[in-house]
Amino acid sequence: MQVNSETILKVNALTKSVQLEDKSLSLLQPTELTVNAGETLAIVGSSGSGKTTLLSILAGLDLPSSGEVYLKNHPLHQLNEEQRSQVRAQHVGFIFQQFLLVNSLTALENVMLPAELANTENAVERGKALLEQVGLGDRMEHYPSQLSGGEQQRVAIARAFITEPDILFADEPTGNLDTKTGLTVTDLLFALNEKTGTTLVLVTHDPKLAARCQRQVEMDSGVLTEARSDSDFVDRSAINVANMG
Amino acid sequence: MMTAKNTIWIKQSLRLLDHELRRGELTIIFLAIVLAVATVFSLTGFSGQIKHAIVANSTNTIAADRVFSGNRPIDDKFIEKAKSLDLAVAQKVSTDSMVFHGDNMILSELDAVSENYPLRGELTIKRSINGDEEVVGGPKRGELWVERSLLSRLGVEIGDIVEIGVAPFSIAGVLVNVPDRSYRFLVAGPSIIMHVDDLAKTELIQPGSRLSHGYLFAGEQDNVEEYEEWVKPQVNDTQRWYDAKRAQNRLSTTLDSAERFLSLASMLGIVLAAVAVAVASRRYGQRHQSVVAVFRALGATISHVRNLYCLHWTLLSVISIAVGLLLGYLLLLIGANAIESYLSLDNTPLTIVPFITAIITGLICAVAFAIHPIKDLIQTSPLSVIRGFSVTKLPKFGSHQLIPLIALFALLLMFSGDIIMSISLLAGGILVSALLLTIGRLVMSAGRSVGTKAGKSWHLALANLKRRASENSVQLVSFTIAIKLLLLITVMKTSIIDEWQSQFPDDTPNQYLVNITEEQIAPLQAFTEEYDIPHRGFYPVYRGRLTAINGEQTIRVRRDETEEEVSQDKQEEKSEQESEGRRGMGRELGLTWRNDVPYQNKIIEGSWWQAEDKTPQVSIESGVAERLAIKLGDELAFDIGGRTFTVSVTSIREVDWKTRQLNFIMVFNQAVFADFPSTSISAWKVAPEKKDAFYNLIAQYPTISMIDFDAIMKQLNEMIEQVTIAIELILVLVVLAGSLVLVAQVQASMEERERELAILRTLGAKGSLLRNSVLFEFIALGAIAGFMASVGMEIGVFILQTQTFEMEPTFHFSYWLVGILSGAAFVGTIGMLSCWRLLNLTSVTLIRRTM
């Protein structure tokens with residue numbers, strides 16, 4: 001485990017609430033979180049628990065109602081949309097549940113996209129190399145519609161790694177895939193992560209996927225709690241899942 | 001490094017455009033813009049060229065500085081005065097005459113000119129079909145220059161001998177450019193130019209012949225103006241004095257209104273094309289939300305995204321406009337080729353106007369109708385990557401419609417050039433659409449309640465139709481209007497004219513004989529008896545003017561042709577102020593005498609004279625009597641060729657002008673015309689099997705002009721045919737644009753349709769049920785449009801029949817069937833084609849794609 005002591009993400013007293021007609025709905029209770037460079041963190045919780053809200057604030061897609069978020073020492077809570085875009089372009093990678101590939105671009109062009117936006121050199125070579133690594137070397141010129149779900153998510157993973165981001169956010173990366181394909185994709189994700197030493201923040205309700213992260217936090221009705229250990233978490237999640245069922 | 005960063009959006013934009021074009025994602029928008037640009041370019045370019053060829057290109061449209069024209073030769077003093085002022089004078093006598101060659105004959109426009117014609121501009125001819133053009137004066141004696149179309153219509157070649165009146169002529173060349181060409185030949189017979197001194201030997205000029213004597217004047221400007229000062233007060237109301245500007249104004253006004261009509265008709269198509277762009281760009285905006293969100297999430301700035309999409313859209317517009325211009329140019333060439341035999345556009349340059357108009361139209365379509373969805377698209381939040389994408393349901397009325405409405409108004413204004421007209425068209429358009437929409441919705445709702453009782457596919461189809469009513473409304477309106485106009489044209493072409501013709505009694509004349517001399521009457525009369533040809537006798541014709549009523553001079557309506565155009569009202573008001581006296585006819589009339597009341601005329605006041613009564617008397621038509629306030633017993637003074645006489649009104653007749661019989665406003669008793677020479681006219685009904693004998697007869701009397709009503713009707717039908725082609729071309733455009741809207745709408749509803757089909761499939765619906773439900777939805781839409789169009793057509797036909805043709809209205813239910821069936825078939829086909837991919841997806845794919 002290459003845990004670096006450098007703090008890459010720090011959250012202080014973060015809250016989020018939305019105004020619904022006359023009353024305010026609190027999505028996140030005051031939250032504290034620190035993520036070190038190279039760490040892999042899973043945020044787990046049931047639907048509507050607020051984990052996705054947290055992820056979007058951590059990644060600089062959304063702003064908190066109060067509190068502070070520092071990503072690579074950038075105070076995201078103080079930055080405007082354009083400035084946050086710059087931070088994302090320089091430091092952040094994404095993997096989405098819906099894959100979100102651009103349909104009118106080929107696999108290779110999709111992979112190259114963040115590299116181009118961050119103005120990284122050798123985007124083509126890097127893109128090709130990454131597609132080889134995710135096993136799609138022969139599908140580079142294919143459009144997303146010509147690829148299966150698993151293949152699309154592999155392209156998305158390649159896209160996420162091309163800029164060698166400091167931190168990678170993954171939102172239910174296997175949520176749209178069957179178990180077997182999901183497993184392949186997960187393996188790929190962790191393998192690449194290990195290789196590059198990227199910090200990974202993963203949101204999932206799948207305990208098995210969460211268990212592959214070094215650290216798990218649980219979100220419940222807007223309250224974030226640190227899971228004590230892997231086994232403890234798995235057990236409680238299993239109960240939660242059973243209860244939900 | 002900076003430059004690379006700054007230009008990456010260009011690269012991405014180009015890449016996006018390339019892929020999207022290739023994948024057909026932009027086809028609708030592309031086609032809609034191409035369609036609008038090509039239409040506008042070809043239409044404005046074509047009409048501009050025609051106008052240029054007719055008006056602007058010829059430096060002089062009257063072949064002189066001034067023209068003096070009238071029904072009889074002018075007094076010598078006018079010529080002498082002109083010569084004293086060093087003005088050149090040329091002569092041009094125009095009339096209609098038969099031209100014969102063997103068994104063939106044709107009515108043509110004959111211009112007899114002096115050798116020094118034209119005084120201004122160039123008369124060019126070709127001495128052989130493939131020869132060079134040559135600038136000439138009037139033809140030599142015994143020779144003719146003829147309109148090229150005469151050669152084929154008469155079956156002759158250059159060098160052949162033809163007969164005009166009783167004289168033979170040799171065709172010496174074909175006309176290329178005639179400076180004062182009347183363009184009447186487009187609707188009347190072909191033009192022929194001969195030497196003025198040859199006119200006498202044709203024996204065409206007889207008393208009562210209808211002739212126009214034109215005198216052309218040219219010279220130093222000061223002299224011309226001095227002459228004009230001297231001439232103008234002496235112009236009487238049967239004469240015209242005019243200059244080139246006036247002649248040009250007239251022609252270009254006519255052309256302008258024709259152009260405006262076609263432009264406005266094509267507006268319908270352009271508006272639909274714009275609607276297609278609006279619908280397609282909305283879908284485009286929705287489809288690209290995820291792209292923008294991903295771009296933004298991955299760190300692209302708003303300006304990056306804005307630049308990318310602005311360039312993308314700009315390039316798309318530029319490509320579409322360019323292709324539109326190219327296609328428009330091709331259409332222009334085809335059009336020019338089609339009219340080549342009438343009018344050569346080879347030497348008329350294309351002006352910048354059609355380019356600018358077409359480009360503006362393209363830009364308005366591409367920008368004004370797409371700006372709202374594109375603006376929304378650029379504002380897509382990066383948060384959507386997590387939260388998901390929303391399809392914002394636009395309110396029915398809102399600020400997003402402001403720009404398209406302004407754009408629509410700008411388009412209307414550009415084409416009509418008339419602000420009041422544009423406002424009323426916009427308001428009228430909105431009103432008609434609203435009306436059609438309401439009716440359409442009602443019909444769709446009615447269909448829904450019927451549908452619940454109908455078979456399953458119909459049930460689904462009608463339910464869907466109703467649910468998508470607001471999306472369907474645009475197609476409904478556009479197809480309704482297009483089908484209605486097509487039906488109207490078809491009914492016009494095939495029914496109304498036939499019905500109009502068949503309402504006349506069997507003995508209604510179809511041949512009119514003009515210019516019959518006294519000695520020709522007897523043999524003609526004998527011929528009609530031998531062949532049993534119905535006719536109402538021979539009417540001697542005298543050309544004369546009404547000069548006074550009860551001793552009071554009728555006012556001279558001054559036709560000051562050199563002045564700027566003034567409205568009719570103003571002119572009349574002015575002339576009433578300027579001149580004193582009673583209101584007169586203001587033109588020369590055809591006068592005749594009869595012993596008996598003319599056929600189908602009804603005496604409503606007074607009584608008819610006895611044949612032997614020697615007192616000069618006149619019977620006047622009731623409408624004119626009313627207009628001129630003439631009563632029984634009034635004394636009317638007439639002038640025939642300088643000889644005047646007075647008669648009293650002894651009866652007032654009611655005349656049905658629609659009978660196609662020969663009718664006269666003024667009918668006299670024989671005593672009045674005792675010593676006036678004349679020629680006669682007669683109207684005959686010649687049955688088809690007697691035509692050969694009839695033509696033989698006419699060939700024996702070449703000075704008689706024969707006006708063949710059947711031929712005129714045929715020509716009218718041909719004209720209608722040609723106009724129909726022009727209108728049909730525009731309707732094709734409307735149908736194409738309407739189809740684009742339909743396809744765009746279908747594409748916009750594709751995701752929704754996929755989801756529905758997936759659900760139905762999952763629930764076990766059979767493929768045939770789904771296919772039929774989709775098919776029936778479009779068939780029903782087309783059938784409703786066809787039905788509403790049929791109702792609209794019937795209203796239009798009713799108005800035409802009762803107002804224009806003044807005949808009994810009839811119903812045309814067989815065309816309703818045509819309207820409904822063709823609407824259903826067309827919309828059904830287009831709809832099925834655009835859903836083809838969807839319907840052929842297997843259930844598994846369908847479910848995987850949508851779940």
Side-chain angles (χ1 to χ4, degrees), chain A residues 51-57 59-63 80-106 108-110 112-121 123 143-145 148-149 156 159-160 162-163 165 169 171-172 176 178 203, chain B residues 1-26 284 286-306 308 312 378-389 837 841 844-845 848-851:
Chain A
K51 57 186 192 301
T52 300
T53 307
L54 179 63
L55 178 86
S56 50
I57 295 171
L61 293 171
D62 202 358
L63 282 173
N80 65 22
E81 180 60 56
E82 290 299 274
Q83 291 164 327
R84 281 184 277 128
S85 293
Q86 298 285 346
V87 175
R88 287 200 298 271
Q90 281 162 24
H91 306 292
V92 179
F94 281 105
I95 297 170
F96 308 105
Q97 179 177 3
Q98 317 281 354
F99 322 141
L100 291 181
L101 299 179
V102 177
N103 277 323
S104 43
L105 297 181
T106 61
L108 178 60
E109 286 163 348
N110 267 291
M112 284 157 55
L113 196 58
E116 286 178 347
L117 289 173
N119 197 30
T120 317
E121 283 178 46
Y143 287 96
S145 58
S148 71
R159 178 175 70 182
I162 191 166
T163 48
F169 292 97
D171 179 24
E172 302 279 11
N176 267 14
D178 62 74
V203 164
Chain B
M1 282 302 273
M2 271 316 282
T3 40
K5 171 117 188 150
N6 289 343
T7 55
I8 192 76
W9 55 269
I10 298 180
K11 204 166 117 189
Q12 288 174 335
S13 187
L14 290 175
R15 192 190 287 154
L16 201 65
L17 181 71
D18 177 38
H19 290 322
E20 296 246 307
L21 275 177
R22 252 189 264 181
R23 286 158 55 89
E25 302 281 4
L26 302 170
Y284 174 91
Q286 282 161 8
R287 219 165 35 79
H288 277 250
Q289 268 186 351
S290 68
V291 180
V292 173
V294 169
F295 265 83
R296 302 274 284 115
L298 295 179
T301 59
I302 284 205
S303 61
H304 180 99
V305 173
R306 189 187 300 124
L308 195 153
H312 180 56
I378 291 169
Q379 299 301 327
T380 306
S381 160
L383 201 53
S384 315
V385 292
I386 306 280
R387 291 254 179 89
F389 303 95
R837 190 186 54 85
L841 291 179
V844 182
T845 335
R848 253 187 41 195
R849 281 167 63 95
T850 51
M851 287 298 130

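Predicted, not measured: the structure shown is a model, and the values here were computed from it. Residue numbers start from 1 in every chain, and the chains themselves are labelled A, B, ... in the order their sequence lines are given, proteins ahead of strands.
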Lys/Arg N to Asp/Glu carboxylate O, B:Arg15 vs B:Glu20, below 4.0 Å: no
A:Asn110 (side chain) donor-acceptor with A:Thr106 (main chain) under 3.5 angstrom: yes
Interchain contact, A:Arg159 with chain B, by part (heavy-atom threshold 4.5 Å): side chain
Closest-packed option against chain B by number of heavy-atom pairs under 4.5 Å, given A:Asn103, A:Thr53, A:Val87, A:Val92: A:Asn103
Under 4.5 Å from a heavy atom of chain B, the part of A:Leu55 involved: side chain
Under 3.5 Å donor-acceptor, A:Arg88 side chain and B:Arg296 backbone: yes
Heavy-atom pair count under 4.5 Å with chain B, highest-scoring of A:Thr163, A:Leu113, A:Thr52, A:Leu105: A:Leu113
Winner by heavy-atom pair count (cut-off under 4.5 Å) against chain B, out of A:Leu101, A:Leu61, A:Val203: A:Leu61
Portion of A:Asp171 that has a non-hydrogen atom of chain B nearer than 4.5 angstrom: side chain
Heavy-atom pair count under 4.5 Å with chain B, highest-scoring of A:Glu109, A:Gln98, A:Arg84, A:Met112: A:Glu109
From B:His312 atom NE2 to B:Leu16 atom CG, the distance as rounded to the nearest 0.5 Å: 4.5 Å
Residues which pass side chain to side chain contact (heavy atoms under 4.5 Å, CB included) with B:Ser384, listed by chain and number, not counting sequence neighbours: B:Ala293, B:Thr380, B:Ser381, B:Phe389
Under 3.5 Å side-chain donor-acceptor pair for B:Glu25 and B:His19: no
